[in-house]
Amino acid sequence: MSKNLFVKNIAQLVTCSGREAKRGAEAMNDIGLIEGPAAVVIREGKIAYAGLMDGVDPELTKGCDVYDAAGCCVLPGFVDSHTHLVFGGFREDEFQWRLRGDSYMSIMERGGGINNTMKATRGESKEQLKESARAHLDAMLAQGVTTVEAKSGYGMELEAELKQLEVVAELQQEHPMTIFPTYMGAHSTPPEYAGREDEFIDYLNREVLPAVMKQGIARCCDIFTEKGVFDHAQTRRYLAAAKEAGLKLKMHADEIVSFAGAELAAELGCLSADHLLQISDKGIEALANSQTVATLLPATAFSLKEPFAPGRKMIDNGCAVALASDLNPGSCFSCSMPLLIALATIYMNMTVEEAITALTINGAAALGLADQTGSIDEGKPGDLCIIRYPSYKFLSYHFAMNLVRATVKDGHVYAWPRTEL
Ligand code: NIG
Ligand code: FE
């Protein structure tokens with residue numbers, strides 16, 4: 001199903017135009033701004049025109065539904081390039097323990113954390129997992145998100161990893177959201193392999209990866225590279241197999257301690273290195289000199305009460321920075337775009353323009369999709385985020401509020417009732 005749509009009278013059009021990651025401050029501050037009245041024409045679900053109202057060819061708008069965006073700023077749909085969308089159960093007690101001083105790693109070492117969610121995920125049916133993931137997708141769409149990455153990693157054995165990825169594949173058929181599936185067997189070591197991390201990696205490479213590839217239900221592979229979780233040698237072995245099998249690579253890197261994860265991600269040609277709270281200067285240099293996107297997840301740092309990743313320094317040193325939610329039931333039970341923008345602009349000293357670039361074209365680049373989505377450019381999907389205010393600057397100024405009036409996905413309009421001013 002595709003749609004023809006004429007979005008007219010746009011007060012301000014933020015295109016984020018481009019087909020590759022934007023690196024460094026100058027590029028990231030260039031959001032391809034067009035002061036209105038502007039228009040976007042979508043034909044058969046794809047952008048056919050983006051520019052001034054005066055330049056619209058009347059022929060092009062024939063047969064289009066019309067959306068009047070008077071007084072609104074229009075941006076590309078957001079790309080949330082790091083989520084753990086599919087999971088069973090919750091960890092509300094752990095969150096309270098952390099608020100009282102327990103650390104994330106100490107809870108994990110006691111058998112809680114990721115392995116807690118693993119037990120719940122293994123125990124739930126596909127239908128149960130799908131229902132909760134679908135609710136999160138709905139919440140994301142209502143915040144202007146049109147592309148989401150979704151990781152497995154709460155199965156950590158053949159059947160349950162496949163179950164999570166099958167849920168993603170089925171949701172892709174049932175939900176308008178574009179979902180990018182990532183296989184993350186190496187998220188933690190399950191109890192049956194406790195203390196035998198190398199054997200667990202062997203098992204994943206021998207049995208789980210081939211089954212994932214056989215079903216064709218993942219495009220990328222991710223690992224939690226961290227002191228006490230998986231080391232560099234294990235990361236290399238696991239990601240080499242994934243690359244050989246045809247998957248793109250990602251890494252959870254330098255989240256809890258400085259572990260030279262960013263350097264390894266750059267060396268291995270990962271699409272992105274994610275978290276980076278503890279990245280070193282060498283790590284920043286390595287990312288700046290690579291094609292690897294630095295994906296920052298400030299809502300996780302916020303929720304763990306850890307210092308934010310040095311986003312300003314990374315951008316000033318030439319990195320391509322993306323922002324993503326990291327939605328998961330442990331370290332960050334939130335997929336809030338408004339919170340991300342608030343944290344990035346108020347606490348990480350990113351400009352609102354950089355935050356927008358980080359959530360659009362750079363998010364797409366973190367999925368290897370910068371030439372396919374993440375900006376309002378001819379030929380890309382008709383994915384738009386329409387906010388209730390005339391300037392994109394309200395996204396940080398009117399902080400932590402959902403300003404999205406409508407989300408356009410492949411030319412279909414999802415109009416949201418006003419719940420916030
Ligand atoms: O990105 N750090 C590893 N993985 C997730 C957390 C998953 C969990 O705690 O359930 C993260 O923060
Ligand atoms: Fe994560």
Side-chain angles (χ1 to χ4, degrees), residues 16 45 75-87 121 129-154 164-184 187 217-222 247-248 250 252 271-272 274-275 293 295-300 322-329 331-341 355-370 372-375 380-385 402 404 406-410 412 414 416:
C16 296
L75 305 101
F78 294 134
V79 179
D80 189 346
S81 62
H82 181 139
T83 87
H84 303 256
L85 176 73
V86 182
F87 56 84
T121 305
L129 291 170
K130 213 199 273 187
E131 202 175 291
S132 77
R134 189 186 285 118
H136 291 298
L137 289 177
D138 290 345
M140 290 162 160
L141 195 71
Q143 296 177 66
V145 175
T146 50
T147 300
V148 167
E149 186 247 17
K151 302 178 198 296
S152 68
Y154 291 123
Q164 276 190 279
L165 290 167
E166 283 163 10
V167 163
V168 173
E170 287 177 27
L171 283 169
Q172 182 63 98
Q173 298 306 312
E174 298 166 19
H175 199 281
M177 189 73 77
T178 295
I179 317 175
F180 183 92
T182 295
Y183 158 62
M184 195 176 178
H187 196 187
I217 47 179
R219 296 175 68 180
C220 198
C221 181
D222 198 348
L247 296 178
K248 303 275 191 213
K250 280 180 174 289
H252 282 59
L271 284 176
S272 68
D274 299 40
H275 283 292
V293 173
T295 298
L296 309 187
L297 313 166
T300 307
L323 287 165
S325 72
D326 195 23
L327 170 71
N328 74 76
S331 63
C332 186
F333 192 41
S334 172
C335 61
S336 170
M337 292 294 116
L339 176 63
L340 275 189
I341 296 170
I356 289 168
T357 297
L359 275 172
T360 55
I361 188 71
N362 281 8
L367 303 178
L369 299 177
Q372 289 166 53
T373 189
S375 67
K380 285 193 174 184
D383 295 356
L384 311 175
C385 168
N402 185 6
V404 180
T407 306
V408 177
K409 180 66 194 142
D410 298 318
H412 294 265
Y414 298 86
W416 311 113

- Could you pull out the closest heavy-atom pair between Val145 and Val148, with the gap in Å? CG1-CG2, 3.5 Å

- Task: Return the orientation label for the Phe333 and Phe87 ring planes: parallel under 30°, perpendicular over 60°, tilted otherwise.
- Result: perpendicular

- Test side chain to side chain donor-acceptor pair (under 3.5 Å), reference Ser325, set Thr83, Asp80, Thr300, output is Asp80

- Item | Approximate separation, where rounding is to 0.5 Å, of Leu85 CG and Ile179 CD1 | 6.5 Å

- Message: Tell me whether the count of non-hydrogen atoms from other residues, nucleotides or ligands lying under 6.0 Å of NZ in Lys248 goes above 12.
- Response: no

- Would you say the side-chain atoms of Asp326 and His82 include a donor-acceptor pair closer than 3.5 Å? yes

- Query: Looking only at heavy atoms, what is the nearest atom pair of Val79 and Gly374, with distance?
  - Reply: CG2-CA, 4.2 Å

- Over all atoms of both residues, closest heavy-atom pair of Ser334 and Leu339: OG-CD2, 4.4 Å

- Just how far is it from atom OG of Ser81 to atom CG of Leu369, taken to the nearest 0.5 Å? 10.0 Å

- If you take all heavy atoms of Gln372 and Lys380, which pair is closest and at what distance? O-CG, 3.8 Å

- Query: Does a side chain donor of either His187 or Asp222 reach within less than 3.5 Å of an acceptor in the other side chain?
  - Reply: no

- Task: Would you name the heavy atoms of Leu296 and His275 that are closest together and state the gap between them?
- Result: CD2-O, 3.8 Å

- Do the non-hydrogen side-chain atoms of Thr407 and Phe78 ever get within less than 4.5 Å of each other? no

- Would you call Pro181 and Ile217 a side-chain contact if the rule is heavy atoms closer than 4.5 Å? no

- Query: Do the side chains of Ile356 and Cys16 get nearer than 4.5 Å, heavy atoms only?
  - Reply: yes

- Task: Please assess Thr373 against Thr178 for the test side-chain contact (heavy atoms from CB on, under 4.5 Å), listing each intermediate value before the final yes or no.
- Result: CA-CA 10 Å; Thr373 189; Thr178 295; over 6 Å; no

- Task: For the residue pair His412 and Tyr414, categorise the inter-ring angle as parallel (less than 30°), tilted (30 to 60°) or perpendicular (more than 60°).
- Result: tilted

- Task: State plainly whether the residues Lys250 and Glu149 are in salt-bridge range, i.e. N to O under 4.0 Å.
- Result: no

- Note on the structure: Residues Cys221 and Leu247: closest non-hydrogen pair is CB-CD1, 3.8 Å

- Item | Any side-chain heavy-atom pair of Pro298 and Leu323 under 4.5 Å | yes

